[in-house]
Number of protein chains: 2
Amino acid sequence: MAVSNSSHARPAEDLREAMCPHRLVLEHVTSRWGVLVLLALLDRSYRFSELRRHVGRVSEKMLAQTLQTLERDGFVLRDAKPVIPPRVDYSLTPIGREAAERVRALAEWTGVRMEQVQEARAAYDEAREAKLKP
Amino acid sequence: MAVSNSSHARPAEDLREAMCPHRLVLEHVTSRWGVLVLLALLDRSYRFSELRRHVGRVSEKMLAQTLQTLERDGFVLRDAKPVIPPRVDYSLTPIGREAAERVRALAEWTGVRMEQVQEARAAYDEAREAKLKP
DNA sequence: CAGCATCCCTTTTGATACTG
DNA sequence: CAGTATCAAAAGGGATGCTG
């Protein structure tokens, strides 16, 4: 039976893992919060709450999940200092930096082309509008 | 009030569109089916059903939705020939090709690093295992 | 053939409360 | 502080039937 090696159940991931593993890695680094986490860590390391404030509007659950996924894939290093109160620092591994840099390239490209995208959307929407009430 | 210019309702997108538009473009090109469509069209143009067979395991609903999103953003060109039975060809626009090439770079990178990711996962899972039953 | 509309289930995400 | 557990809401996705 399909045994997940990870602790918490993620059936959809497990199924798709079998058929196309590297597609899943791509999804991890381009996921909604994955992108933002990688870009943040490209600058410097962050503590959990600090990262949460920096990213903004992310629940602790999703941030924790995202960080765990990226850590498991070997992109993020989790450094939990044995102090009270707890202090955990997150940073990129060398391979994580490679990933983050490529994600940044893509993200920056979208920024550069944003204006053309807006124009394309306006044109598309107008063309639709025209077709509905001529 | 938040009026969607697109015909069908996508409330979450509309909300997020307002605060970070280019993040959304990134999501479109890195979406589950968006990636596969862009990579396919990087080789050549495809007809709808042809593309569906090539991508595999994608419902027509999702393929149509993906293509519309990419078309609206200006990445995909939809060429509907006025013949019976209908024939519609999809291809990349110049800006769509730019997007697709960057997505391909990221996708190929994950392929190259896949082995290291697998090792990282194995190490992570083993470390967890050890902690649970020492 | 190429799609749109509808219904319905699955997966993801978020809010909240709680713990070491 | 740095999470985990739980539950409810939302989005994603598929099957089917219908149209030009």
Side-chain angles (χ1 to χ4, degrees), chain A residues 2 4 6-17 24 27-28 30-37 45-72 76 78-90 128 131-132, chain B residues 4 6-17 24 27-28 30-37 45-72 76-90 128 131-132:
Chain A
S4 176
S6 178
S7 54
H8 49 302
R10 268 188 274 182
E13 280 232 344
D14 291 344
L15 280 178
R16 294 170 53 210
E17 177 70 54
L24 214 46
E27 284 186 19
H28 292 167
T30 62
S31 70
R32 184 163 176 197
W33 306 119
V35 169
L36 300 178
V37 166
S45 71
Y46 277 88
R47 297 180 60 178
F48 186 86
S49 301
E50 201 181 18
L51 187 53
R52 190 167 172 225
R53 280 189 297 276
H54 183 267
V55 168
R57 309 176 309 283
V58 58
S59 64
E60 7 180 279
K61 178 185 167 185
M62 288 316 297
L63 182 57
Q65 199 173 104
T66 300
L67 285 168
Q68 282 164 15
T69 300
L70 293 176
E71 188 197 355
R72 190 169 101 98
V76 160
R78 179 179 183 275
D79 179 21
K81 324 250 193 217
V83 299
I84 293 182
R87 177 190 176 98
V88 181
D89 286 300
Y90 290 93
R128 288 227 118 208
K131 226 162 256 180
L132 290 180
Chain B
S4 177
S6 178
S7 53
H8 50 301
R10 270 188 272 182
E13 279 233 344
D14 291 345
L15 281 177
R16 294 169 54 209
E17 179 70 52
L24 215 45
E27 284 186 20
H28 291 167
T30 62
S31 71
R32 184 161 176 198
W33 306 117
V35 169
L36 300 177
V37 165
S45 71
Y46 279 88
R47 298 181 59 179
F48 187 87
S49 302
E50 202 181 18
L51 187 53
R52 193 171 167 218
R53 280 189 297 275
H54 183 268
V55 168
R57 308 178 307 282
V58 58
S59 64
E60 7 176 281
K61 177 184 169 185
M62 290 317 297
L63 183 56
Q65 199 174 101
T66 300
L67 285 168
Q68 281 165 17
T69 300
L70 293 176
E71 188 197 355
R72 190 169 100 98
V76 160
L77 185 66
R78 179 178 183 275
D79 178 21
K81 325 251 190 212
V83 298
I84 293 180
R87 177 191 176 98
V88 182
D89 286 299
Y90 290 94
R128 287 226 117 209
K131 226 163 252 178
L132 290 180

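In what follows, chains are A, B, ... by sequence order, proteins preceding strands, each numbered from 1.
With rounding to whole Å, Leu51(A) atom CG is found 14 Å from dC1(D) atom P. In this structure, Glu13(A) places its CD atom 7 Å from P of dT12(C), rounding to the nearest Å. Glu27(B) has its CD atom 15 Å from the P atom of dT12(C), to the nearest Å. Remark: P of dA5(D) and CE of Met62(A) are 16 Å apart, rounded to the nearest angstrom. Between the CD atom of Glu17(B) and the P atom of dA11(D) there is a distance of 15 Å, given to the nearest Å. Spacing between atom CG of Asp79(B) and atom P of dA2(C) amounts to 12 Å, rounded to whole angstrom units. Rounding to whole angstrom units, CG of residue Leu67(B) and P of dC4(C) are separated by 10 Å. In this structure, Asp89(A) atom CG and dG3(D) atom C1' are separated by 15 Å, rounded to whole Å.
Nearest to the side-chain atoms of Trp33(B) among the listed nucleotides dA15(C), dG3(D), dG14(D) stands dG14(D). The nucleotide whose nearest atom lies closest to any side-chain atom of Arg32(B) is, among dA2(D), dG3(C), dG13(D), dG13(D). Comparing dC1(C), dG3(C), dG3(D) by their closest approach to the side chain of Glu60(A) singles out dG3(D). Counting only heavy atoms from C-beta on, Val88(A) has its side chain closest to dA2(D) among dA2(C), dG14(C), dA2(D). Side chain of Pro86(A), nearest nucleotide from dC1(C), dC1(D), dT4(D): dC1(D). With distances taken from any side-chain atom of Ser59(B) to the nucleotides dC1(D), dG14(D), dG3(D), the minimum falls on dG14(D). Comparing dG3(C), dA2(C), dA2(D) by their closest approach to the side chain of Ser49(B) singles out dA2(C). Nearest to the side chain of Arg78(B), among dG3(C), dG14(C), dA2(C), sits dG3(C). Among the nucleotides dC1(C), dT4(D), dA15(D), the one closest to the side chain of Lys61(B) is dA15(D).
Of all heavy-atom pairs spanning Leu51(B) and Leu63(B), the tightest one is CD2-CD1, 4.1 Å.
Side chain of Arg52(A) to main chain of Val58(A): a donor-acceptor pair is present (N/O by atom type, distance under 3.5 Å, no hydrogens or angles).
Using a 4.5 Å cut-off on side-chain heavy atoms (C-beta onward), His28(B) and Arg72(B) make no contact. Annotation: side chain of Phe48(A) is in contact with side chain of Leu67(A) (closest heavy-atom distance under 4.5 Å).
Expressed to the nearest 0.5 Å, how far CD of Glu27(B) lies from CZ of Arg32(A) amounts to 6.5 Å.
Side-chain N/O atoms of Tyr90(B) include one lying less than 4.0 angstrom from OP1 or OP2 on dG3(C). Within the 4.0 Å cut-off from OP1 or OP2 of dT4(D), at least one side-chain nitrogen or oxygen of Gln68(A) is found. Checking the phosphate oxygens (OP1, OP2) of dA2(D), a side-chain nitrogen or oxygen of Arg47(A) falls inside 4.0 Å.
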